[in-house]
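Written out below as structure tokens is the structure these notes cover.
Chain letters run A, B, ... following the sequence lines, proteins first and then strands; every chain starts at 1.
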Amino acid sequence: MTKLNKKDIINALESIAVYLEIKGENSFKVSAYRKAANALERDERPLDKIDDPAKLPGIGKGTATVIQELTTTGESSLLNELRKELPPGLLPLLKLPGLGGKKIGKLYNELDVVDAESLRKACEEKRVQVLPGFGEKTEEKILAALNASGKRPERLPLAVVIPVAEVIIDRLKEMNGIEQFDIAGSFRRTMETVKDLDFIIATDDPTGVGEQLVSMANIAAVSGHGETKISMELQFDDLVVPVDFRLVKKHEFVTTLHHFTGSKEHNVAMRQRAKEKGEKISEYGVEIEETGKIATFDSEKSFFHHFGLHEIPPQVREGKDEITLFEQQDYPFIDVQDIRADLHMHTTWSDGADSIEDMVEACRRLGYEYMAITDHSRYLRVANGLSPDRLKRQHDHIRTLNEQLPDFTIFTGVEMDILPDGTLDYEDDLLKEIDFVIASIHSAFQQNKETIMKRLQTAMENPYVAMVAHPTGRVIGRRDGYPVDMEKLIKMAAETDTILELNANPNRLDLSAEWVKAAQAAGAAIAINTDAHRLDWLRHMSVGVKTGIRGWLKKQTVVNTWSAEKLRKFLQQKR
DNA sequence: GCCGTTTTCGGCCCGACTGTTTTCAGTCG
């Protein structure tokens, strides 16, 4: 028997839900299995620490029995039964847009469709359009979806859609008849990847605004155009981004924004809370059932207040325990206003695009009190890494600049490579002269976990290394990074007083939110830095801060919210 | 299938849009 882990069991429950859906089972029964899978996923304990799954909300007798069976035998008789009954090739069909359980069930029962290939054949032979509930258009759409499937990634990295969102925002600002707009969805929650972009627009003239929207540039297709909702695909070179617009009245804006910000689970939890006090939440407001009156709000803050809650930031609206937590107290989240420095950036001295002077000027304009210039060390030749001599010259230059700025501090710094053999790129004699030494891995990603951990350990134990940058080396949607034992790394960071970076570049977001949470809990210090290689990347700070909020990051944990003096003292105690 | 000091039965979050219909089912978020 193969031992199943928690993820396997969650997947099994989800498969059962999909099979039942195709079978045409009661939709509430179907969602009961999905809910059970969710409940298991949301609980942070490992499987063997959950002695009675039926105690979790959403898991009852039936699903608990299935979980029990999966844990003890590695199989589920229900799932086995369903697999015998229905061809597994039907499951992926649910991903095709426009096809749900009911339609797939019909296709299977009436046309013997068993997988994508037989579905394609049925469409090509025009057997689908004659089924009741189907038609010519449905058949065309299915065929188009089959041809498109697999060609496009299901979710797009945040970094890829940020520029698209910015273009749309600029266009909305130019349009007539828009009173207010904001972006919602997983983009607003600062998820690492998003499926589409959702914009909420307040207007008295939905028809006029709708016409302007569908005549925008870069539209590849308009897939839906109704009174209050317009769906389209925008195309920029090879990149296709699905975008939804919701058009509502000004007084409905806040509840619509909240609704489409989600998450779905958060909304469900909020609605349950509303129901308990005899109210009903929809995107158009809160209906007081007794009087039939609809309450609307002028801010999300007052919306949450209405339910006896402090304002919950979008980034933690996950439907976990945030709602009960915000009943009692506010939470001291980090805020972008708290940031007083950026401690990781590059200039023309290595692979940056802009001069030291320009970076300094930009940081001053951002309202920072101090900063660190951290170009690459000599090992990174492709990035024009600095020899000890060039580094010393650069630091002399920085000190001169610093003297001219009475109200601002530039830390000398470097992003020093941790070499493949585990040694550091510079000697201690040189390092001890530098204010802020970052250690990073940029090479030999394929080494095993033990070797990588040895390298990181050497860096962290060095008294002059202030911080480890982008701790896992991942690039979202492109590469996983090198193998790191994160729990051990976090423990070492706390023990050696080495700062861990939350790299704010939206391609990296490294540490990820979940590890931010773990690092803070373990007492490690965190810095949020942009790693800017050009002036306009300095603006990524807010993405980093929002990712921190997703990890429940508090202001006090973040070293670049401290004063320059406090940070210097912290660095000194390690030396 | 899950849930419950108003309920152990009868609800389950709610609404928009499309393509099929000829008043609505299915899908989606």
Name the nucleic acid region contacted by A:Glu25, choosing base, sugar-phosphate or nothing; use a 4.0 angstrom heavy-atom cut-off, strictly under. nothing

Report the distance from atom CG of A:Leu78 to atom P of B:dG1, rounded to the nearest whole Å. 9 Å

Please state how far atom CD in A:Gln272 lies from atom P in B:dC2, giving the value in whole angstrom units. 15 Å

Can a side-chain donor-acceptor contact be found between A:Asp531 and A:Asn503 if the only test is distance below 3.5 angstrom? yes

Using a cut-off of under 3.5 Å, enumerate the N/O to N/O pairs linking the protein to nucleotides 3-12 of chain B.
unit_1	atom_1	unit_2	atom_2	d
B:dC3	OP1	A:Gly58	N	2.6

Specify the separation, in whole Å, of atom NZ of A:Lys141 and atom C1' of B:dT18. 6 Å

Between A:Tyr284 and B:dA16, is there a side-chain N or O to OP1/OP2 distance below 4.0 Å? yes

Contact summary for A:Gly100 and A:Leu94, nearest pair of heavy atoms: C-CD1, 3.5 Å

Distance only, no hydrogens: is a donor on one side chain within 3.5 Å (strictly under) of an acceptor on the other, for A:Ser76 and A:Asn80? no

A:Arg155 with A:Glu192: basic N within carboxylate O range, under 4.0 Å: no

Distance, C1' atom - from B:dG15 to B:dC9, rounded to whole angstrom: 27 Å

Does A:Thr138 place a side-chain N or O at less than 4.0 Å from the phosphate oxygens OP1/OP2 of B:dT18? no

Protein heavy-atom contacts under 4.0 Å, written 5' to 3' over nucleotides 22-29 of chain B as B (base), S (sugar-phosphate only) or - (none), form the string ----SSSS

Side chains of A:Glu501 and A:His470: is there a donor and an acceptor less than 3.5 Å apart? no

Please measure how far the P atom in B:dT22 lies from the corresponding atom in B:dC17, and state the result in whole Å. 23 Å

Picking from B:dC17, B:dT20, B:dG1, the nucleotide nearest the side-chain atoms of A:Thr63 would be B:dG1

Assess whether a salt bridge exists between A:Glu300 and A:Arg188, defined as any Lys/Arg side-chain N lying under 4.0 Å from an Asp/Glu carboxylate O. yes

Looking at A:Glu25 and A:Lys29, is any side-chain nitrogen of the basic one under 4.0 Å from a carboxylate oxygen of the acidic one? yes

To the nearest Å, give me how far apart NZ (A:Lys23) and P (B:dG1) are. 11 Å

Rounded to the Å, how far apart are A:His266 NE2 and B:dC14 P? 16 Å

A:Lys106 charged N/C atom sitting above A:Phe134 aromatic ring, 6.0 Å / 45°: no

Roughly how many Å is it from CG in A:Leu40 to P in B:dC2, rounded to a whole number? 13 Å

Please report the distance separating the C1' of B:dC12 from the corresponding atom of B:dG19, rounded so that it comes out in whole Å. 28 Å

Between B:dG26 and B:dT21, how far apart are the two P atoms, rounded to whole Å? 12 Å

A:Glu136 CD to B:dT20 P: how many Å, rounded? 8 Å

Does A:Arg539 come within less than 4.0 Å of A:Glu166, counting only side-chain N to carboxylate O? yes

In the strands shown, is B:dG10 matched to any nucleotide by a Watson-Crick or G-U wobble pair with both distances under 3.5 Å, and which? B:dC3

More than 12 heavy atoms of other residues, nucleotides or ligands under 6.0 Å from CD of A:Glu136: yes or no? no

Using the glycosidic torsion, which applies to B:dT7: syn (within 90° of 0) or anti (everything else)? syn

Return the 5'-most residue of the pair A:Ala64, A:Glu139 with respect to DNA chain B, ranking by each residue's nearest nucleotide. A:Ala64

Compare every heavy atom of A:Glu283 with every heavy atom of A:Thr256, then report the nearest pair and how far apart it is. OG1-O, 2.8 Å

Roughly how far apart, to the nearest Å, are B:dT20 and B:dC14 at atom P? 29 Å

A:Leu131 CG - B:dT20 P separation (whole Å): 12 Å

C1'-based separation of B:dC3 from B:dT8 [nearest Å]: 10 Å

Mind checking the C1' distance from B:dT6 to B:dG10? Whole angstroms is fine. 14 Å

Contacts of A:Glu227 and A:Tyr33 projected onto DNA chain B by closest heavy atom; the upstream (5') one is A:Tyr33

